[in-house]
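Below is one structure; the comments refer to it alone.
We use all heavy atoms of the structure for the numbers below, so side chains are in, but hydrogens, waters and symmetry mates are not. Throughout, a chain's letter reflects where its sequence line sits, starting with A, and its residues are numbered from 1.
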Protein chains: 2
Amino acid sequence: MSYSIGEAAKMVGLTAHTLRFYDKEGLLPFVKKTSSGLRAFTESDIEWLKIIECLKGTGLPLKQIKQYIDWCMEGDSTIPQRLNMFIEQKKRVEEQKAKWEKHLEKINFKIKYYEDAAKHGDLNVFERNPKLLEEKKRLFED
Amino acid sequence: MSYSIGEAAKMVGLTAHTLRFYDKEGLLPFVKKTSSGLRAFTESDIEWLKIIECLKGTGLPLKQIKQYIDWCMEGDSTIPQRLNMFIEQKKRVEEQKAKWEKHLEKINFKIKYYEDAAKHGDLNVFERNPKLLEEKKRLFED
DNA sequence: TTAATCTTTAGAGTTAACTCTAAGTCAAGA
DNA sequence: TCTTGACTTAGAGTTAACTCTAAAGATTAA
């Protein structure tokens with residue numbers, strides 16, 4: 001049993017256009033076609049799409065995803081490169097998470113700031129709450 | 001005391017080109033110019049840049065950042081919109097964080113998978129370790 | 001004062017990742 | 001069989017966010 005491009009697209013939350021674009025870019029060399037030329041996605045292909053989505057969703061550019069796919073197609077000799085790629089990607093994700101943590105602190109500060117401002121209808125927040133000014137200094141200096 | 005565009009750029013980790021582009025897009029209406037036409041960034045402007053970086057870094061498009069800046073320029077009447085924007089952005093960041101958490105699980109699985117593959121020089125990982133197959137099924141189904 | 005190094009503008013070019021169009025082919029239901 | 005809707009390709013167009021260029025003006029150090 002296999003899926004058409006439209007069915008596969010729906011399953012992974014992309015459009016058929018996007019899947020064709022990925023194919024054109026060489027990201028889907030594993031997808032076979034029927035005798036009449038229609039792409040037929042297997043269960044295994046859907047899993048490929050999910051791992052592509054995982055890498056794309058964590059910010060890896062399509063070019064590097066293609067590099068990974070190429071390694072996979074090349075065979076067992078590229079296992080070290082693939083392992084290394086996932087280790088690097090894990091590192092990037094964790095760095096990114098730390099960055100977002102810092103950004104989130106600033107956003108939380110702004111929420112506190114504007115909550116007070118909204119309550120009083122003006123921006124004299126720091127006069128009312130000098131501790132918030134200290135927090136701001138801490139958050140925005142580097 | 002104030003900073004030239006190049007100094008300001010260095011301080012926030014952007015290029016002067018990018019700052020001019022932001023200015024052209026209307027993101028920096030607060031930056032004043034000297035009598036001879038050079039941009040002069042104040043300490044306060046640098047703080048604006050940092051909040052722009054925070055919003056951009058958490059995935060808010062420049063158009064919506066401009067919307068926020070416009071609200072700030074408009075005055076106290078837009079405090080509720082600004083509060084709302086930061087609340088929404090916080091929500092988005094937390095959703096994104098949850099998504100990354102899930103992606104990270106898949107990446108960690110792949111690391112385990114390729115570590116075993118690398119150790120043995122082949123991809124018969126699931127034959128050696130059926131529990132990893134279970135984990136894969138759990139991670140890649142939905 | 002002069003050379004080197006900024007900065008200014010308008011506008012063109014780039015990159016990534018889609019997104020769509022046209023013209024034709026294929027498949028499934030009535 | 002016919003119609004409707006999904007599929008095919010090549011290739012053009014779009015969007016966001018830069019990134020760069022050219023030509024001219026401003027600033028700074030020697």
Side-chain angles (χ1 to χ4, degrees), chain A residues 1-29 31-42 45-46 48-49 51-70 89 92 96 99 103, chain B residues 1-29 31-42 45-46 48-49 51-70 89 92 96 99 103:
Chain A
M1 217 286 163
S2 69
Y3 306 101
S4 75
I5 194 168
E7 288 166 334
K10 207 168 280 179
M11 289 170 82
V12 295
L14 294 170
T15 69
H17 280 310
T18 302
L19 289 185
R20 275 188 214 105
F21 166 71
Y22 284 2
D23 200 3
K24 197 156 51 175
E25 296 293 297
L27 268 75
L28 316 179
V31 176
K32 300 283 179 287
K33 297 196 178 173
T34 66
S35 53
S36 54
L38 304 193
R39 289 179 189 79
F41 288 76
T42 66
D45 294 348
I46 301 295
W48 276 105
L49 293 180
I51 194 71
I52 288 172
E53 270 306 277
C54 168
L55 292 170
K56 188 179 59 127
T58 51
L60 201 69
L62 297 189
K63 254 187 201 171
Q64 291 184 54
I65 297 177
K66 174 171 159 47
Q67 168 71 279
Y68 167 67
I69 306 276
D70 288 347
Q89 189 60 7
R92 278 191 288 268
Q96 194 57 38
K99 227 184 243 174
H103 288 323
Chain B
M1 216 285 162
S2 69
Y3 307 100
S4 74
I5 195 168
E7 288 166 336
K10 208 168 279 179
M11 287 169 85
V12 294
L14 295 169
T15 69
H17 280 310
T18 301
L19 289 184
R20 276 188 215 105
F21 166 71
Y22 283 2
D23 200 3
K24 197 158 49 174
E25 296 292 298
L27 268 76
L28 316 178
V31 176
K32 300 283 178 288
K33 294 194 179 175
T34 66
S35 52
S36 53
L38 303 194
R39 291 179 188 81
F41 288 76
T42 66
D45 294 348
I46 302 294
W48 276 106
L49 293 180
I51 194 72
I52 288 172
E53 271 307 276
C54 167
L55 291 170
K56 189 179 58 124
T58 51
L60 201 69
L62 297 190
K63 256 187 199 170
Q64 292 184 55
I65 297 176
K66 173 172 158 47
Q67 169 71 279
Y68 167 67
I69 305 276
D70 287 347
Q89 189 61 6
R92 277 191 289 267
Q96 194 57 38
K99 225 184 249 175
H103 288 324

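- Going from atom CD1 of Ile5(B) over to atom C1' of dA26(D) covers 14 Å, rounded to whole Å.
- For DNA chain C, the outermost nucleotides in 5' to 3' order that have an atom under 4.0 Å from a heavy atom of chain B are dT7(C) to dG11(C).
- Here Arg20(B) lies in heavy-atom contact (under 4.0 Å) with a base.
- When every heavy atom of Ala9(B) is checked against every heavy atom of Ala16(B), the shortest pair comes out as CB-N, 3.6 Å.
- When the options Asp23(A), Thr34(A), Leu19(A) are evaluated for a side chain to side chain contact (heavy atoms under 4.5 Å, CB included) with Arg39(A), the one that passes is Asp23(A).
- Phosphate contact (OP1/OP2 of dG25(D), side-chain N/O of Ser36(B), threshold under 4.0 Å): absent.
- A straight line from NE2 of His17(A) to P of dA6(D) spans 12 Å, rounded to a whole angstrom.
- Residue Thr15(B) is classed as having no contact, given no heavy-atom separation below 4.0 Å to the nucleic acid.
- Contact check, Arg39(A) against dT8(D): a side-chain N or O comes under 4.0 Å of OP1 or OP2.
- At a threshold of 4.0 angstrom between heavy atoms, the contacts of Lys63(A) are confined to the sugar-phosphate backbone, with no base atom among them.
- In this view, Tyr3(B) satisfies the ring-ring contact (aromatic ring centres under 6.0 Å, His included) rule with no residue, not counting sequence neighbours.
- Positionally, the nearest nucleotide of DNA chain D for Ala40(A) lies more toward the 5' end than for the other of Ala40(A) and Lys24(A).
- The shortest non-hydrogen separation linking Lys56(B) to Leu14(B) is NZ-CD2, 4.0 Å.
- Taking all atoms of both residues into account, the shortest heavy-atom contact from Pro29(B) to Gly26(B) is CD-O, 3.5 Å.
- Contact record, Glu25(B) with Lys66(B): O-CD, 3.1 Å, taken as the closest heavy-atom pair.
- With salt bridges taken as basic N to acidic carboxylate O contacts below 4.0 Å, none links Glu7(B) and Lys10(B).
- The interatomic distance linking Leu38(A) (CG) with dT9(D) (P) rounds to 9 Å, in whole Å.
- In the helix from dT1(C)-dA30(D) to dA30(C)-dT1(D), the end axes, each obtained as the rotation axis mapping the C1' atoms of four pairs onto the next four within a five-pair block, lie 20° apart to the nearest 10 degrees.
- Put simply, the side chain of Phe21(A) reaches to within 4.5 Å of the side chain of Leu62(A), judged on heavy atoms.
- In this structure, CG of Leu19(A) is placed 15 Å from P of dA6(D), rounded to the nearest angstrom.
- Each of Glu53(A), Gln96(A), Gln89(A) was compared with Thr58(A) under the side chain to side chain donor-acceptor pair (under 3.5 Å) criterion, and only Gln89(A) meets it.
- Residue Phe21(A) contributes atom CZ, which lies 15 Å from atom C1' of dA10(D) at whole-angstrom precision.
- Across all strands shown, Lys56(B) has heavy atoms under 4.0 Å from sugar-phosphate atoms exclusively, and none from any base.
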